[in-house]
Number of protein chains: 2
Amino acid sequence: MNTLAYGLLGLVARTPSSGYDLMLQLQPYWQAKHSQIYPLLAKLEQEGYMQFTRVHQTDRPDKKVYSITEKGEIALKLWLAEPPAEPVTRDEMVLKAYCLQLTDAKSARALFTSRIEQCKEHMQMYEHVMQEMEQQSDGHPNDPNHPAFSDYILLSWGVRRMKEDVKWCEWVLELLEKRKD
Amino acid sequence: MNTLAYGLLGLVARTPSSGYDLMLQLQPYWQAKHSQIYPLLAKLEQEGYMQFTRVHQTDRPDKKVYSITEKGEIALKLWLAEPPAEPVTRDEMVLKAYCLQLTDAKSARALFTSRIEQCKEHMQMYEHVMQEMEQQSDGHPNDPNHPAFSDYILLSWGVRRMKEDVKWCEWVLELLEKRKD
DNA sequence: GGTCCCATGTAACACGTTACATGATTAC
DNA sequence: GTAATCATGTAACGTGTTACATGGGACC
């Protein structure tokens with residue numbers, strides 16, 4: 001049982017889904033390809049954490065819809081009660097920023113303007129989804145009892161982080177103005 | 001040539017160092033164990049991106065001090081000119097937050113209080129190093145011509161992020177007050 | 001005497017990505 | 001026709017972690 005396994009367990013606990021669907025749902029929160037997900041689902045099913053039913057579709061290929069078992073729910077709740085592991089971030093940008101002195105001023109600036117663009121793209125995506133949520137008439141998602149509460153807070157985290165990263169990049173760009181080459 | 005290889009190249013370009021030293025220097029920016037670094041350094045040396053000289057020490061074991069070659073510098077500068085890849089973050093916290101509805105209110109709150117503690121610890125470390133930098137008498141590191149400029153901006157990024165994450169956790173904790181169980 | 005730091009390496013395993021493989025339906 | 005989406009899987013490879021292996025010096 002690794003983190004990806006618990007992530008999948010968490011998704012199917014909310015809504016029974018196919019492997020393909022889980023892959024898409026998981027993307028924003030944990031990057032994993034279908035080639036990693038399918039074998040893991042098979043393993044989780046064999047070990048009794050999940051079960052699946054084959055669902056026939058006429059317009060599309062048939063699918064296996066996975067749902068959580070009692071054993072899976074117990075394991076999931078035990079995992080949830082443990083404090084979260086420290087995040088692991090692998091950002092090429094950090095390594096490149098560390099080498100600023102080795103580049104010309106132009107490349108140095110480009111590093112931060114590129115990152116600003118990346119951040120803004122993500123921010124717009126997040127904000128768009130949040131706005132759609134807020135416009136639904138089933139209550140506001142900032143209510144912790146709303147079913148989309150967790151989605152809402154994670155999106156707002158994304159927006160906050162992107163905003164802060166943009167601010168930082170702009171601050172660095174300002175400092176870089178004073179650079180002599 | 002992968003990202004870790006360029007990271008090592010960037011470090012030795014600034015200061016020729018041993019594998020052990022590179023491992024320690026790299027830790028804050030890219031997590032890698034010595035078992036990954038030593039073979040990679042050997043490969044980079046064989047392919048002509050780096051060279052090493054054996055340095056004898058009396059009180060400690062001898063070491064191999066790696067420095068960058070011309071070929072290495074060219075490769076490094078080409079890499080620096082490319083826009084940075086999108087960061088990859090793997091944070092268990094995100095997956096756990098997604099499952100908030102499945103836990104009791106107590107575990108839900110614990111998730112965010114634990115994260116606040118983690119953030120504050122990091123923040124204090126970063127701030128401590130920054131303060132030490134500022135107290136050195138060789139100019140202020142927020143000058144882009146200062147040799148520690150890149151270290152300084154990366155530390156300040158760390159502090160900013162940690163502060164923002166704490167704020168977000170506190171915001172979520174406030175919202176969670178209204179939860180009915 | 002035990003533990004920590006320095007210093008370098010290999011081996012086995014776990015995790016993640018890319019590529020290979022198949023095949024139907026929908027949209028341009 | 002050609003590309004995209006849905007749907008599931010395997011194989012090969014690259015990356016990252018844990019464990020094994022060695023050995024001297026410093027410190028308590």
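In this model, no donor atom of one side chain and acceptor atom of the other lie less than 3.5 Å apart for Ser18(B) and Asp21(B).
Checking the phosphate oxygens (OP1, OP2) of dT15(D), no side-chain nitrogen or oxygen of Arg90(A) falls inside 4.0 Å. A sub-4.0 Å separation between OP1 or OP2 of dA7(C) and a side-chain N or O of Gln57(B) is present. In this structure, Tyr20(B) does not reach the dT8(C) phosphate: none of its side-chain N or O atoms is under 4.0 Å from OP1 or OP2.
Atom CD of Gln31(B) has more than 12 neighbouring heavy atoms from other residues, nucleotides or ligands inside a 6.0 Å radius. Counting non-hydrogen atoms of neighbouring residues, nucleotides and ligands closer than 6.0 angstrom, the CD atom of Glu70(B) reaches no more than 12 such neighbours. The number of heavy atoms from other shown groups lying within 6.0 Å of CD (Glu134(B)) is above 12.
The distance from atom OH of Tyr38(B) to atom C1' of dA7(C) is 5 Å, rounded to the nearest whole Å. Atom P of nucleotide dT8(C) and atom CG of Leu24(B) are separated by 11 Å, given to the nearest angstrom. Spacing between atom CG of Leu40(A) and atom C1' of dA14(C) amounts to 12 Å, rounded to whole angstrom units. Between the CD atom of Gln31(A) and the C1' atom of dG16(C) there is a distance of 11 Å, rounded to whole Å. Between the CG atom of Leu22(A) and the C1' atom of dC6(D) there is a distance of 14 Å, given to the nearest Å. Counting to the nearest Å, the P atom of dC15(C) and the NE2 atom of His34(A) are 19 Å from each other. Protein atom NZ of Lys43(A) is 17 Å distant from nucleotide atom C1' of dT10(D), rounded to whole Å. Summarising the geometry, the separation between CD1 on Ile37(B) and P on dT10(C) is reported as 14 Å, rounded to the nearest angstrom.
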- Task: Starting from the C-alpha separation in whole Å, work towards a yes-or-no answer on salt bridge (Lys or Arg N to Asp or Glu O under 4.0 Å) for Asp104(A) and Lys77(B).
- Result: CA-CA 9 Å; Asp104(A) 54 304; Lys77(B) 278 174 188 167; over 6 Å; no
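Both Met1(B) and Ser18(A) lie near DNA chain D, and the one whose nearest nucleotide falls closer to the 5' end is Ser18(A). Positionally, the nearest nucleotide of DNA chain C for Asp21(B) lies more toward the 5' end than for the other of Gln36(A) and Asp21(B).
Within the 3.5 Å criterion, the main-chain N or O of Leu100(A) finds no donor-acceptor partner in the side chain of Ser150(B). Without hydrogens or angle criteria, Lys63(B) side chain to Ser17(B) main chain gives no donor-acceptor distance under 3.5 Å.
Contacts of residues 58-67 of chain A with DNA chain C (heavy atom under 4.0 Å): Asp59(A), Pro61(A). Contacts between residues 47-54 of chain B and DNA chain C, defined by a heavy-atom separation under 4.0 Å, are absent.
Base engagement by Ser35(B) is indicated by at least one non-hydrogen atom pair under 4.0 Å involving a base atom.
Ring geometry for His122(A) versus Tyr126(A): interplanar angle under 30°, hence parallel rather than tilted (30 to 60°).
When side chains are defined from C-beta on, Ile153(B) counts as touching Phe112(A), because their heavy atoms get closer than 4.5 Å.
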